[in-house]
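Before any comments, here is the structure.
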Amino acid sequence: MSVVTRFPPSPTGFMHVGNARTALFNYLYARRHGGKFLVRIEDTDRKRHSEEAVQVIFEGLEWMGLEYDGEALSQFAGMGRHAEVAHEMLKAGKAYYCYCSPEELEAMRETAKAEGRSQFYDRRWRDRDPSEAPQDIKPVVRIKAPLEGETTINDVVQGAVTVAHDQLDDFILLRSDGTPTYMLSVVVDDHDMGVTHILRGDDHLNNSFRQKLIFDAMGWTLPVFGHLPLIHGPDGGKFSKRHGAQSVREYKELGYLPEAFCNYLLRLGWSHGDDEIISREQAIEWFDLEHIGRSPARFDFAKLDSLNAHYIKEARPERLLECSREFYKERHGLELSDIAVERITLGIEELKARSKTLLQFVDESAFYARSIPYAFDEKALALLGESKAILAALEDELESLEPFTGESIQNLCQKIAGDLAEGKLGKVAMPLRAAVTGTTVSPSIFGACAVLGRKETCARIRFAVQQGK
RNA sequence: GUCCCCUUCGUCUAGAGGCCUAGGACACGUCCCUUUCACGGACGCGACACGGGUUCGAAUCCCGUAGGGGACGCCA
């Protein structure tokens, strides 16, 4: 039997990290077994549906590199078929019309709550004669859930889970306007699409029992279920806005590489021995259901950072620059010129080694992309003010330094430090850094000057000396 | 409230009765490197929720307790 998995997001306007992981696992499992990974947009609720929200999902999948098979389906499009199934169940006596008014339902809900029961509908229309139906109420269609016994589902993640039938209510299949509910639609779609494995969030575990009722009523084979524990925020509570980033798009905007994000998500709830760095190829080869954890995990940005730092180091310069382009613009108003690209590429090894995120990479390499005049931060300005003589001497010597390399520049600074600063290299290097980069934090300043070249370095020093207070 | 699920270092986890004086990664601490901030290197700190069983032997199996999470819609 060939594997078919699916990712069924509802278009809420963003893609939650939990959904992202669900998508990843489904993708990996399908690829691992040479099966199909399908996407279905759960858009039956038209009030909450919008095209932009759907786009956000595709954007997220694309960024993560999760290619799906065939066309993404719209659940909305299958509503007619879903309703048909409900009517079949009606005909087969496995469902019935219920004429309760919202007020009646509300009253039942109150009573049930007071009595501590989890289901509230008292099945008053289950065996009632349709001739008693009120004329002014449009009925809903409810399933006839079993009254006695229990059902066990062998969840591949959670193990055998048993629920007593008195916990299952006669839930609604068709709303009073004739449209199918989610519970019906998923089952029909999953069956029609030939889905063999359903990997989804833990919050659906209880729904599985209801869905099994429909599968059974229609005589359809039940897919394999696997319920993944939820992802919690760093404080162990629900993952919310205050934790930083809930949606996939935000991670991109925070300067994370998709491979780092996916690697992190993969290890959150799944393991392969002691392996931490796992490439996409490796993940496809290794992924299995047996090693999915059963307990919820907290999201840890520090670990994501370290993974991101790793993948930044591995990334090719062109790719890094490509992913960073928009950040130079957004954060520094810089459009990367050819010369900027050339300089950054020359200094990239050190830049990569220092960066945990693309944002940091961009901030620390921005000085390469700038040209005179540029601004200095406060600390840099102060340094310039007290080091004019040193900078002037340095500039003078730099004009004729041969060769113009990181090493020779360092030696020169050493010499000037000996002459003018009691041998303290920092007294020369720091002002030079302030002059050339406009800040007090940067990669190795000698190497940076070599990358900039003699002409640019000297020009920057002259410019800086004029700015110093 | 009712039902379901979960519980190994601060965090993610390895572990499927003896290989465990419990391993790895991130974080943290100390030291080294050093022109800044980092990177890197070395070393270190640090956990089987609790209580009962079962067994020659339990992190691993069973039962309770506590704690955490989830579900209880004409939402998905």
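Letters A, B, ... mirror the listed sequences (proteins, then strands); counts begin at 1.
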Go ahead and name the base partner of [N]; Watson-Crick or wobble counts if both distances stay under 3.5 Å, otherwise write none.
N: B:C3; value: B:G70
N: B:C45; value: none
N: B:G40; value: B:C32
N: B:G64; value: B:C50
N: B:G57; value: none

Per-pair distances, 0.1 Å, donor-acceptor, side chain in residues 295-302 of chain A, under 3.5 Å, sequence neighbours excluded:
from     : atom 1 : to       : atom 2 : distance (Å)
A:Arg298 : NH1    : A:Pro234 : O      : 3.4
A:Asp300 : OD1    : A:Ala302 : N      : 3.2

Who pairs with A:Glu364 by salt bridge (charged side-chain N to carboxylate O under 4.0 Å, His left out), at least two apart in sequence or on another chain? A:Arg354
For A:Asp377, which residues count as a salt bridge (charged side-chain N to carboxylate O under 4.0 Å, His left out) partner, sequence neighbours excluded? none
Per-nucleotide protein contact along nucleotides 34-40 of chain B, 5' to 3', at a 4.0 Å heavy-atom cut-off (B base, S sugar-phosphate only, - neither), is -BBBBSS
Contact pattern, 5' to 3', of nucleotides 5-18 of chain B - B, S or - by protein heavy atom under 4.0 Å: SSS---SBSSS---
Protein-nucleotide distance ([X], atom [atom1]; [N], atom [atom2]), rounded to Å:
X: A:Phe120; N: B:G1; atom1: CZ; atom2: C1'; value: 16 Å
X: A:Asp203; N: B:C75; atom1: CG; atom2: C1'; value: 12 Å
X: A:Asp122; N: B:C72; atom1: CG; atom2: C1'; value: 17 Å
X: A:Arg210; N: B:C72; atom1: CZ; atom2: P; value: 7 Å
X: A:Asn308; N: B:A25; atom1: CG; atom2: C1'; value: 16 Å

Hey, what are the protein-to-nucleotides 59-61 of chain B N/O distances that come in under 3.5 Å?
none

Answer with base, sugar-phosphate or nothing: what part of the nucleic acid does A:Asn207 contact at a heavy-atom distance below 4.0 Å? base
Regarding A:Cys98, tell me which of base, sugar-phosphate or nothing describes its non-hydrogen contacts under 4.0 Å with the strands shown. nothing
Suppose we screen for side chain to side chain contact (heavy atoms under 4.5 Å, CB included). Which residues come up paired with A:Glu59, at least two apart in sequence or across chains? A:Arg249
Specify the glycosidic conformation (syn or anti) of B:C39, with syn defined as within 90° of 0. syn
Taking B:C74, B:A71, B:C26 as options, the one with an atom nearest any side-chain atom of A:Arg109 is B:C74
Partner residues of [X] under the side chain to side chain donor-acceptor pair (under 3.5 Å) criterion, sequence neighbours left out:
X: A:Gln158; answer: none
X: A:Thr111; answer: none
X: A:Ser247; answer: A:Glu250
X: A:Asp190; answer: A:Arg6, A:Arg40

A:Tyr328 vs A:Phe361 aromatic rings, parallel, tilted or perpendicular, using cut-offs 30° and 60°? perpendicular
Got a salt bridge between A:Glu456 and A:Arg343, using NZ or NE/NH1/NH2 to carboxylate O under 4.0 Å? yes
Hits for ring pair (Phe, Tyr, Trp, His ring centres under 6.0 Å) against A:Tyr29, two or more places apart or cross-chain, chain-then-number order -> A:His33, A:His197
Note, A:Leu184 side chain near A:His82 side chain (heavy atom, < 4.5 Å): yes
Quick check on B:C75: is either OP1 or OP2 less than 4.0 Å from any side-chain nitrogen or oxygen of A:Thr44? no
